[in-house]
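Throughout, numbering of the chain's residues begins at 1 and tracks the sequence. When a ligand or atom number is given, it counts from 1 through the structure's own listing order.
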Amino acid sequence: MQLLKERIVKDGTVKPGNVLKVDSFLNHQMDIDLINEIGKEFRRRFPSDKITKILTIEASGIGIACIAAQYFHVPVVFAKKAQSINIDGEVYHTKVESFTHKKVYDVILSKKFLDADDHVLVIDDFLANGCALMGLLDIIKEAGATIEGAGIVVEKGFQQGGQIIRQNGIHLESLAIIETMTDTSLTFRE
Ligand code: 5GP
C-alpha cells in the first residue's frame, strides 16, 4: 500500500532492537484518514462475505480494527492481556510473548464472544516473530471457529512471523512488508 509505505519512510523511526516506531500516525497518535484508507484496503483484500468477526489484541490493534470494521459491518472483539489469571472456564486462554516488552502475557477472551459458528479475520498493527498472531490463532482454534485470514499493517519481513503464518496456510495480507531496516534506510518487499 503505497500511501502507507510513504508515510513509514517520512515519519517512521528505527529504535534499537529492530523496533520501528510509528507512533506519530499509527499506534500512539493515530492518523484517522490514513487508518481509514488502511481499513478500505483490508476490505479490498478480504472481500469474503463469510466474515462474522474481527479479532485483535490490545492495545494497538484495537483502533485499527475498529476503523476497518466499518467496511466489514461485523463486531470487533479484542483479546485482553492479563498479568495473572484464574482460568475459570469462561474464557479462552493462551500465552503471548511480547516482542516490544520482552514479557510473557496471559491473553484471554470471553467465550461469550467467539464460537464455532464464527468466521474470523484477525487484524493487528505489526507482525514480527508472530507470537501475538499465533496466540490469536490458538484462541480461534480453541473456540472451534474458522480463520478467514490475517490483515497486518506492517510486517517486518526479516523476522520469522510471516513465514510461519504463511506455512500454516493462513491467508496473510500485510500492507507494508519491510525487507531491511537500519537507522538511516528502509526497504520494502515488492
Ligand atoms: P510478534 O508477536 O509478531 O513478535 O510482535 C507483534 C506485536 O509486537 C505487535 O502486536 C506490536 O504491538 C509489537 N511489535 C512488534 N514489532 C514492533 C515494531 O517494530 N514496532 C512496534 N511499534 N511494535 C512492534
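- Considering all non-hydrogen atoms of both residues, Val74 and Ile51 come closest at CG1-O, 3.3 Å.
- Under the side chain to side chain contact (heavy atoms under 4.5 Å, CB included) criterion, His73 pairs with no residue, sequence neighbours left out.
- With sequence neighbours left out, the salt bridge (charged side-chain N to carboxylate O under 4.0 Å, His left out) criterion links Glu179 to Arg189.
- Ligand 1 is surrounded by Asn18, Val19, Leu20, Asn27, Phe99, Thr100, Asp124, Asp125, Phe126, Leu127, Ala128, Asn129, Gly130, Cys131, Ala132, Lys156, each with at least one heavy atom closer than 4.0 Å.
- When atom types are taken as modelled, the side chain of Asp115 and the backbone of Asp117 share a donor-acceptor pair closer than 3.5 angstrom.
- A cation-pi arrangement is present between Lys102 and Phe99, with the terminal nitrogen or guanidinium carbon under 6.0 Å from the aromatic centre and inside a 45° cone about the axis.
- The salt bridge (Lys or Arg N to Asp or Glu O under 4.0 Å) pairs that include a residue from residues 10-34 are Arg7-Asp11, Arg7-Asp31, Lys21-Asp23, where partners are two or more places apart or lie in different chains.
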